[in-house]
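The analysis underlying the following values was restricted to heavy atoms, covering all of them including side chains, and did not include hydrogens, waters or symmetry mates. Just so it is clear: chains get the letters A, B, ... in the order the sequence lines come, proteins before strands, and each one is counted from 1. This is a predicted model, so every value here is computed, not measured.
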Amino acid sequence: MSLEDELLTQRLCRAREIAALGFEPYGRRFDFTSTLAEILTGYAAKTAEELVPEIRVRVAGRLMTKRLMGKAGFAHLQQDGERLQIYVKKDAAGEREFTLFQLLDIGDIIGVEGYLFRTRTGELSVHVEKIEFLSKTLLSMPEKWHGLEDVETRYRQRYLDLIANPEVRKVFITRARIVASLRRQLEARGYIEVETPMMQPLYGGAAARPFVTHHNTLDIDLYLRIAPELYLKRLVVGGLERVYEINRNFRNEGLSTHHNPEFTMLEFYQAYTDYRGLMDLSAELLKQVAVDATGSAEVEYEGRRLDFSRLDRYTMREAVVQFWEAPDRPSLADVADPDWLRRHSGQATAGEALTDVFERSVEDKLIQPTIIYDYPVETSPLSKKKPEDPAFVERFEIYAAGMEIGNAYTELNDPQEQRRRFEMQLAMREGGNEEAHQMDEDYVRALAYGMPPAGGEGIGIDRLTMILTGSRSIRDVILFPLLRPEGPLELVNSLRQRDTL
RNA sequence: GGGCGCGUAGCUCAAUUGGCAGAGCAAGUGACUCUUAAUCACUAGGUUGAAGGUUCGAUUCCUUCCGCGCUCACCA
């Protein structure tokens, strides 16, 4: 018998012994008077004398340590990432409760009742008089000192990661704060939150390969959305002038430390503004979200300080000149010159070549939060052209820590022009570009009813969270990142064999 | 998909040039009524990711496969 099987047998027997004592191995509702966190904040500063007269409490949590010394013992309960010590003495708790305490395994969940006191070494603790058993653990917890470090196990069994590693819990709390902050800020500006289809008959709004699924009754293939953009703009046509959605996008592409097949995007659209308006809004949103998430507009990421209180702005051409590190730094005239671009990139058009040069020479140098604006028209089929230069569109991206975290533009609202852009995309598609847009005729129809001038923006929540939590990998900010499925676990078999224990 | 790296007890890690697979925690038994990485004594726990190969002998070298990580490509 393997150790794990032996342990399982032991623990199942233990559960039976607990039941024999008159406790339920899987207990019921427990009304606590305070959370552990409340007790710690409320009484951490109180001296032993100030804890008299007795302050009675009922608290619950998972047993994380246990030090048994004959007829008394100490243990720590953990709840919401906080730990509080309990002291169980046979004299005080009684024979039955003390026997239960002796039977407890690390990982069991219990509730206790008693009064607060300070131990001789000064630790705030609960002097236990009553124990209720709430849930039995059948498997062993990660090691108490090192915690759980195996990356694969941490991602596959996030529950264990959350139990063992308090900083992981903090990352996801910060993530929740980020989302809440963005919602609050947008709501304060009159935006309303909407939900648009995740399963779409046509996919669009970004350049990416989709996941395909099938609806049986309608007998149609559907795509998991790569972006909500085209639906959100239909809503702008319909008079929802400020809308946003925070939800998942799905892109059937590679995985990396910066890419998960499903990821969370905030997209928001505002009628009667343009990309300049959104630049200002972005600066406000990002500064505030950094403050709300971390307490400061300055955050440290991989040893560098990023200042979200200011967003530098460069046109794409300016950025190439500014951040060029190779010899022969180009001039602004060079990066506008099709011949120069052709010499520095294999791309077919001047616009694609500029984007290519930008991505290769600039992108990973944009450590400070920075706006790059004015993109070539070729790569931006849904944005409005610059009136003075139709080769460029009114689009910007936000970079930080060398990553793209946002993308925005003045929305193209001319249906005739949109039709031409889609047709350009179709031609690229026929030329073998799998990621080029499909024709979305209903979207053109929506524009044909008239869409107010508008600006729209997407912000990658996962990447923003990476930066604001100091996480190196996107998997560290996604609770359950996509992994290859595990092999058989054999736990169910083991349990079945012990069904009568 | 390419390149590099990793995989040893439930967890965290050792194992010399290819020479008896080990420790701490967790677990079991016993002692202990203020401990806190509790302590003390004893015990058990391994298909070294899997399958082949080389060798008298493989955790160690080789091949293939599986899983994960990093990186490049692609992408946000």
Side-chain angles (χ1 to χ4, degrees), chain A residues 1-11 13-14 48 64-76 83-93 98 101 105-107 117-125 127 137-157 160-161 163-165 205-209 226-227 249-267 359-360 363 379 397-399 403-407 433-435 458-464 466 472-476 481 483-487 491:
Chain A
M1 190 173 3
S2 78
L3 178 65
E4 207 167 12
D5 280 351
E6 206 172 288
L7 188 84
L8 196 58
T9 305
Q10 275 170 20
R11 299 261 167 118
C13 291
R14 200 62 73 82
M64 297 305 286
T65 66
K66 187 182 161 192
R67 297 172 293 282
L68 195 58
M69 294 159 298
K71 299 189 181 63
F74 289 92
H76 276 101
R83 287 188 184 192
L84 181 66
Q85 183 170 260
I86 61 171
Y87 177 56
V88 185
K89 192 163 67 162
K90 195 172 183 178
D91 295 347
F98 192 73
F101 182 67
D105 287 305
I106 288 173
F117 77 113
R118 274 191 190 280
T119 62
R120 265 173 218 158
T121 51
E123 180 164 348
L124 184 68
S125 308
H127 199 285
T137 179
L138 299 178
L139 303 171
S140 58
M141 288 289 124
E143 208 244 11
K144 64 181 171 186
W145 192 242
H146 298 91
L148 181 66
E149 295 186 356
D150 181 72
V151 175
E152 186 178 346
T153 310
R154 288 187 42 228
Y155 295 154
R156 286 196 195 281
Q157 296 179 263
L160 278 186
D161 194 24
I163 291 168
N165 298 318
R209 280 148 60 197
I226 58 173
N249 288 345
F250 307 86
R251 300 191 185 172
N252 204 341
E253 284 159 355
L255 294 78
S256 81
T257 46
H258 298 91
H259 301 85
N260 195 62
E262 53 177 315
F263 62 101
T264 302
M265 277 277 273
L266 159 66
E267 283 204 14
E359 283 171 358
R360 283 187 291 112
E363 200 168 322
T379 53
E397 293 194 348
I398 305 168
Y399 287 85
M403 287 188 288
E404 183 191 333
I405 58 169
N407 179 22
N433 185 342
E434 278 184 79
E435 296 182 347
I459 291 178
I461 299 298
D462 311 276
R463 289 182 178 179
L464 181 60
M466 285 171 68
R472 286 199 62 232
S473 169
I474 200 167
R475 295 190 190 99
D476 292 324
L483 299 177
R484 276 208 166 76
E486 265 180 294
L491 176 62

Take the protein atom CZ of A/Arg209 and the nucleotide atom C1' of B/G1, then report the distance between them rounded to whole Å. 11 Å

Among the nucleotides B/A27, B/A76, B/C70, which one has an atom lying closest to any side-chain atom of A/Ile106? B/A27

Expressed in whole Å, how much space separates the C1' atoms belonging to B/A14 and B/G22? 7 Å

So, is A/Arg11 close to the B/G10 phosphate, meaning a side-chain N or O under 4.0 Å from OP1 or OP2? no

Taking only the side-chain nitrogens and oxygens of A/Thr257, find out if one of them lies under 4.0 Å from OP1 or OP2 of B/U71. yes

ring-ring contact (aromatic ring centres under 6.0 Å, His included) filter on A/Tyr87, not counting sequence neighbours, yields A/Phe74, A/Phe117, A/His127

Below the 4.0 Å mark, does B/C68 have OP1 or OP2 next to a side-chain nitrogen or oxygen of A/Arg156? yes

State which residues pass side-chain hydrogen bond (donor to acceptor under 3.5 Å, both in side chains) with A/Glu152; sequence neighbours excluded, sorted by chain then number. A/Arg156

How many whole angstroms separate atom CD of A/Glu253 from atom P of B/A76? 7 Å

If you check every side-chain atom of A/Gln10, which of B/U12, B/A27, B/U33 has the closest atom? B/A27

Any N/O donor-acceptor pair, A/Gln85 side-chain to B/U35 base, under 3.5 Å: yes

A/Met69 CE - B/U33 P separation (whole Å): 9 Å

Flag yes if more than 12 heavy atoms outside A/Arg209 fall under 6.0 Å of its CZ atom; otherwise flag no. no

For the P atoms, the ones on B/G69 and on B/A27, what distance do you get once it is rounded to whole angstrom? 30 Å

Closest of B/G69, B/C70, B/C11 to the A/Pro142 side chain is B/C11

Picking from B/G69, B/C70, B/A26, the nucleotide nearest the side-chain atoms of A/Ser140 would be B/A26

So what does A/Ala206 touch, heavy atoms closer than 4.0 Å: a base, only the sugar-phosphate, or nothing? nothing

Heavy atoms from other residues, nucleotides or ligands near CZ of A/Arg67 exceed 12 (cutoff 6.0 Å): yes

Its dot-bracket string being built from Watson-Crick and G-U pairs below 3.5 Å, with | for another strand and [ ] for crossing, RNA chain B has the pattern (((((((..((((.....[..)))).(((((.......))))).....(((((..]....))))))))))))....

On RNA chain B, more 5' by nearest nucleotide between A/Asp150 and A/Leu68 is A/Asp150

Can you tell me the distance, in whole Å, between the NE2 atom of A/His127 and the P atom of B/U33? 14 Å

Are A/Phe263 and the base of B/A76 stacked, counting only ring centres nearer than 5.5 Å and planes tilted under 30°? yes

C1' atoms of B/G46 and B/C13, separation to the nearest Å: 15 Å

Test of understanding: with salt bridge (Lys or Arg N to Asp or Glu O under 4.0 Å), list the residues that count as partners of A/Glu397, not counting sequence neighbours. A/Arg395

Roughly how many Å apart are B/G5 and B/U48, using the P atom of each and rounding to a whole number? 23 Å

A/Glu143 (side chain) and B/G24 (base): donor-acceptor pair under 3.5 Å: yes

Starting at CZ of A/Arg67 and ending at P of B/C34, how long is that distance when rounded to a whole Å? 13 Å

Both A/Arg484 and A/Leu255 contact RNA chain B. Taking the nearest nucleotide for each, which residue is further toward the 5' end? A/Arg484

When the P atoms of B/U59 and B/G53 are considered, how many whole Å apart are they? 15 Å

Sequence-distant partners of A/Glu262, side-chain hydrogen bond (donor to acceptor under 3.5 Å, both in side chains), two or more places apart: A/Arg248

Are any of A/Arg475's side-chain N or O atoms less than 4.0 Å away from OP1 or OP2 of B/G69? yes

A/Ile474 has its side chain closest, among B/A76, B/U35, B/U12, to B/A76

I'd like the C1' distance from B/U47 over to B/A21, given in whole Å. 13 Å

Rounded to whole Å, how long is the line connecting atom CZ of A/Arg154 with atom C1' of B/C68? 13 Å

Quick check for you: among B/A26, B/G67, B/C11, whose closest atom lies nearest to any side-chain atom of A/Glu152? B/G67

How close or far is atom P of B/A50 from atom CD of A/Glu486, stated in whole angstroms? 16 Å

In sequence, state the C-alpha distance, the side-chain angles, and the governing distance for A/Asp105 and A/Lys66, and then conclude on salt bridge (charged side-chain N to carboxylate O under 4.0 Å, His left out). CA-CA 8 Å; A/Asp105 287 305; A/Lys66 187 182 161 192; over 6 Å; no

If I pick the C1' atom on B/A73 and the same atom on B/G67, what distance separates them, to the nearest angstrom? 22 Å

For A/Tyr399, check ring-ring contact (aromatic ring centres under 6.0 Å, His included) against everything at least two apart and list the hits. A/Phe358

I'd like the C1' distance from B/G10 over to B/C70, given in whole Å. 27 Å

